[in-house]
A.B. asks: 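I'd like to ask you about the structure that follows.
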Amino acid sequence: MTEITCKLLVIGAGPGGYVCAIRAGQLGLDTVIVESTKLGGSCLNVGCIPSKAMIHVAEEFEKAAHAAAGKTPFGLTASAPKLDLKQAVAWKDGIVQRLNNGVAALLRKSKVKIVHGRARFRDGKTVIVETETGPRTIKAETIVIATGSAPVELPFLPFGGNVISSTGALALTEVPKRLAVVGGGYIGLELGTAFAKLGSKVTVVEAQASILPLYDAELTAPVAKHLAALGIEVLLGAKARGMTPKGDALLIETAGGDEKRIEADKVLVTVGRAPVTNGLGLEELVLDMDGRFIRIGDRCETSMRGIHAIGDVTGEPMLAHRAMAQGEMVAEIAAGLPRAWDKRCIPAVCFTDPEIVSVGLSPEEARKAGLEIKTGKFPFAANGRAMTRHGEQGFVRIVAQAQTQLVLGIQAVGQGVSELSSTFGLAIEMGATLEDIAGTIHAHPTLGEAVQEAALMALGHAIHI
Ligand code: FAD
Ligand code: NAD
């Protein structure tokens, strides 16, 4: 059995793992990364990137369909669009392939050794990897667990046949006529919206009393309204129970306790993601757990010296940019730099229509934390750029500490607001006050002007409303 000895071993090449390995390589650490499937992890192969590609396809199709139906207010007409979903999926796969190659090139550039195979701990310093050419032993001073997450499978709705996960949904080559979605969270609503735009009759079954329970009702209201406009039926407080024996319908229990049948060609189950630790040999270690997730401290250290964990395997929020930030930090810690998790915020973006962004504290969270706050909320209906994009729904909301004007949180819902998330994050990370944002010249006409106006509004002197 060949043996490799290195300074840093990263298990899993998702956004957490590959960023950690690249940064470690840049810092001159002798680094090995092990990946059992494809470089880029869930994010690049079956998550963020492919889902946003298919959401884009759906948006373009909807625009063309609106023109064909004479629904645009600016007189655009077209003939009815046709979509070759196979070609769309091939286009999406091409983007994924380019990014896979990009990650491999970046790892090579940083002199990181890539080992393909499944890793299993033998002890706290040693891992055995099953590769195509046989088992390999890797010994490392520091090991980073970055094995990510996988879709939760409901025992009464196992994946297979017409019951699909997000991975299956992103590979469909025909648009299902009727799609039932179990779980009205991030994935269910992002993909449910895309399939509705492509022509599916979509029904969403959500166990909680509201969609996207992570965001407050003010932010989700415009999304709920648009779901209805798209003809998506949302059943709240309802629980999936299983498939009919024929597999042609989903059985649910409604909020009122009645049994209901939802005819469906495909049932997409998106009820959260679980950490991937199976077969990793965690029983050889003594790691404190946080439920099923690995417990970490503010340096992403586990309860065992020399073992760190990053990304989805450590729990919520399961977001690619959080995993990347943790990966970068852990590489610097392994190189002996003084680092600890000191971020003020992790932006959350939901790519529904309209999109939602939340950075920092919402008004309710700030009040719950005992803070005295002032807020400003500026509607896109009063923003010139939103009007010219024919996307006036939504608003920007800013939350600041009443006495100091320190910005605690910024949220928005509206068309294309995902691109404002970096401005929001920057403002909070740099400790901006309302005056800082209000006093910054925001280019005209842009959606960003609504951020400046929200700050002015919190200060009591908005101009354009
Ligand atoms: P992963 O990306 O899951 O990578 C873990 C890697 O470890 C995998 O490649 C796996 O094969 C490998 N691995 C596991 N076990 C072993 C082992 N024993 N040996 C070797 N390798 C192993 N997040 C966002 O921020 N924005 C989005 O828009 C977004 N959209 C999403 C859409 C969908 C449909 C899904 C499913 C997820 C989405 N996410 C999004 C979440 C995002 O994909 C994850 O938060 C992110 O991928 C987590 O990164 P990670 O590095 O922790 O793990
Ligand atoms: P989620 O946690 O966002 O939503 C799951 C939903 O399913 C919840 O609303 C929950 O109440 C509901 N649910 C649970 N059990 C149910 C049942 N038996 N019947 C009906 N409803 C049920 O999970 P997800 O959509 O699977 O996404 C997983 C993770 O991936 C997210 O937590 C997020 O971190 C990440 N993600 C992020 C993005 C993004 O950043 N834009 C996009 C997709 C996924």
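Both counts, for ligands and for their atoms, begin at 1 and track the order of listing. Residue numbers run from 1 in the order of the sequence given.
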A.B. asks: What about V46: any of its N or O atoms under 3.5 Å from an N or O on ligand 1?
C.D. replies: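 Min N/O separation from ligand 1 is not below 3.5 Å for V46.
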A.B. asks: Check each heavy atom of L280 against ligand 1 and say whether those closer than 4.0 Å belong to the side chain, the backbone, both or neither.
C.D. replies: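 Only the side chain of L280 comes within reach of ligand 1.
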A.B. asks: Would G16 count as being in polar contact with ligand 1, using the rule that some N or O on each side must be under 3.5 angstrom apart?
C.D. replies: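 For ligand 1, there is an N or O atom that lies under 3.5 Å from one belonging to G16.
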A.B. asks: What's the shortest distance from atom 32 (O) of ligand 2 to any protein heavy atom, and which residue and atom give it?
C.D. replies: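 Sorting protein heavy atoms by distance from atom 32 (O) of ligand 2 puts E316 OE2, 3.6 Å first.
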A.B. asks: Output yes when the distance from some N or O of ligand 2 to some N or O of V182 is under 3.5 Å, and no in every other case.
C.D. replies: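 Min N/O separation from ligand 2 is not below 3.5 Å for V182.
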A.B. asks: Evaluate E190 for polar contact with ligand 2, using N/O atom pairs at a separation under 3.5 Å.
C.D. replies: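 Such a contact does occur with ligand 2.
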A.B. asks: Could you label the plane-to-plane angle of the Y215 and Y186 rings as parallel, tilted or perpendicular, counting under 30° as parallel and over 60° as perpendicular?
C.D. replies: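 Ring orientation of Y215 relative to Y186: perpendicular.
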A.B. asks: Going by heavy-atom distance to atom 50 (P) of ligand 1, choose the closest among A169, G41, A150, P15.
C.D. replies: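 Considering heavy atoms of A169, G41, A150, P15, the nearest to atom 50 (P) of ligand 1 sits in P15.
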A.B. asks: Side chains of I262 and L235: closer than 4.5 Å at any heavy-atom pair?
C.D. replies: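 I262 vs L235: side chains touch.
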A.B. asks: Whether K343 and D298 form a salt bridge (side-chain N of Lys/Arg under 4.0 Å from carboxylate O of Asp/Glu) is what I want to check.
C.D. replies: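 The answer is no: the pair does not qualify as a salt bridge.
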A.B. asks: When you compare ligand 1 with S166, is there at least one nitrogen or oxygen pair between them that comes in under 3.5 angstrom?
C.D. replies: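 No: no nitrogen or oxygen of S166 is under 3.5 Å from one in ligand 1.
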A.B. asks: How does I211 reach ligand 2, if at all, at less than 4.0 Å between non-hydrogen atoms: by side chain, backbone, both, or neither?
C.D. replies: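 For I211, no heavy atom sits under 4.0 Å from ligand 2.
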A.B. asks: Note the single closest protein heavy atom to atom 43 (C) of ligand 2, along with its residue, its atom name and the distance in Å.
C.D. replies: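 In this structure, atom 43 (C) of ligand 2 has I187 CG1, 3.3 Å as its nearest protein heavy atom.
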A.B. asks: For ligand 2, is there an N or O atom under 3.5 Å from any N or O atom of C350?
C.D. replies: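 No; every N/O pair is 3.5 Å or more apart.
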A.B. asks: Which heavy atom of the protein is the closest neighbour of atom 41 (C) of ligand 1, given with residue, atom name and distance?
C.D. replies: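 I find the closest protein heavy atom is M318 O, 3.7 Å.
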A.B. asks: Taking heavy atoms and a distance under 4.0 Å, where does S149 meet ligand 1: side chain, backbone, both or neither?
C.D. replies: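 It is the backbone that gets close, since no side chain atom is under 4.0 Å.
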A.B. asks: Using a 4.0 Å heavy-atom cut-off, say whether R120 meets ligand 1 through its side chain, its backbone, both or neither.
C.D. replies: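 No part of R120 comes within reach of ligand 1.
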A.B. asks: Quick one: does Y186 get an N or O within less than 3.5 Å of an N or O on ligand 2?
C.D. replies: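 For ligand 2, there is an N or O atom that lies under 3.5 Å from one belonging to Y186.
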A.B. asks: So which heavy atom in the protein is nearest atom 5 (C) of ligand 2, and how far is it from that ligand atom?
C.D. replies: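 It is T270 O, 3.5 Å.
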A.B. asks: Mind checking whether A207 has an N or O less than 3.5 Å away from an N or O of ligand 2?
C.D. replies: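 Yes, since at least one N or O of A207 sits under 3.5 Å from an N or O of ligand 2.
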A.B. asks: Considering only heavy atoms, which of G148, P347, C48, S165 lies nearest to atom 38 (C) of ligand 1?
C.D. replies: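 The residue whose heavy atom sits nearest atom 38 (C) of ligand 1 is C48.
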A.B. asks: Among all protein heavy atoms in this structure, tell me which lies nearest to atom 7 (O) of ligand 2, with the distance rounded to 0.1 Å.
C.D. replies: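 Closest protein heavy atom to atom 7 (O) of ligand 2: G183 CA, 3.3 Å.
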A.B. asks: If we only count N/O pairs under 3.5 Å, is K52 in contact with ligand 1?
C.D. replies: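 Yes.
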A.B. asks: Which residue supplies the protein heavy atom nearest to atom 16 (C) of ligand 2, what is that atom called, and how far is it?
C.D. replies: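 Ranked first by proximity to atom 16 (C) of ligand 2 is V271 CG1, 3.5 Å.
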A.B. asks: Considering only heavy atoms, does F351 approach ligand 1 within less than 4.0 Å through its side chain, its backbone, both, or neither?
C.D. replies: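 For F351, only side-chain atoms sit under 4.0 Å from ligand 1.
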A.B. asks: Which one holds for L44 and ligand 1: side chain close, backbone close, both close, or neither close, with close meaning a heavy atom under 4.0 Å?
C.D. replies: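 Looking at L44 and ligand 1, no heavy atom falls under 4.0 Å.
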A.B. asks: For atom 2 (O) of ligand 2, which protein heavy atom lies nearest, and how many Å away is it?
C.D. replies: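 The closest heavy atom on the protein side is G272 CA, 4.3 Å.
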A.B. asks: Starting from atom 4 (O) of ligand 1, locate the nearest protein heavy atom and write down its residue, its atom name and how far away it is, to 0.1 Å.
C.D. replies: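 Going by distance alone, atom 4 (O) of ligand 1 is nearest to G14 CA, 3.4 Å.
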A.B. asks: Under 4.0 Å, counting heavy atoms only: does E190 come that close to any atom of ligand 1?
C.D. replies: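 The answer is no, since E190 has no heavy atom less than 4.0 Å from ligand 1.
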A.B. asks: Assess whether a salt bridge exists between E284 and R122, defined as any Lys/Arg side-chain N lying under 4.0 Å from an Asp/Glu carboxylate O.
C.D. replies: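 Between R122 and E284 there is no salt bridge, as every charged N stays at least 4.0 Å from the carboxylate O atoms.
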A.B. asks: If you compare all heavy atoms of P354 against all heavy atoms of V413, which two are closest, and at what distance to 0.1 Å?
C.D. replies: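 The pair with the smallest heavy-atom distance is CG-CG2, 3.7 Å.
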A.B. asks: Please list the nearest protein heavy atom to atom 8 (C) of ligand 2 with its residue and the distance rounded to 0.1 Å.
C.D. replies: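 Scanning the protein heavy atoms, the shortest distance from atom 8 (C) of ligand 2 goes to E206 OE1, 3.5 Å.
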A.B. asks: Under 4.0 angstrom from ligand 1, any heavy atom of R273?
C.D. replies: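 True for this residue.
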A.B. asks: Starting from atom 30 (O) of ligand 2, which protein heavy atom do you reach first, and at what distance in Å?
C.D. replies: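 Atom 30 (O) of ligand 2 sits closest to the protein heavy atom R273 CD, 3.8 Å.
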A.B. asks: Return a yes/no value for M318: is any of its N or O atoms, backbone included, closer than 3.5 angstrom to an N or O of ligand 2?
C.D. replies: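 Such a contact does occur with ligand 2.
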A.B. asks: Is there a heavy atom of P213 sitting under 4.0 angstrom from any atom of ligand 2?
C.D. replies: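 Right, P213 reaches ligand 2.
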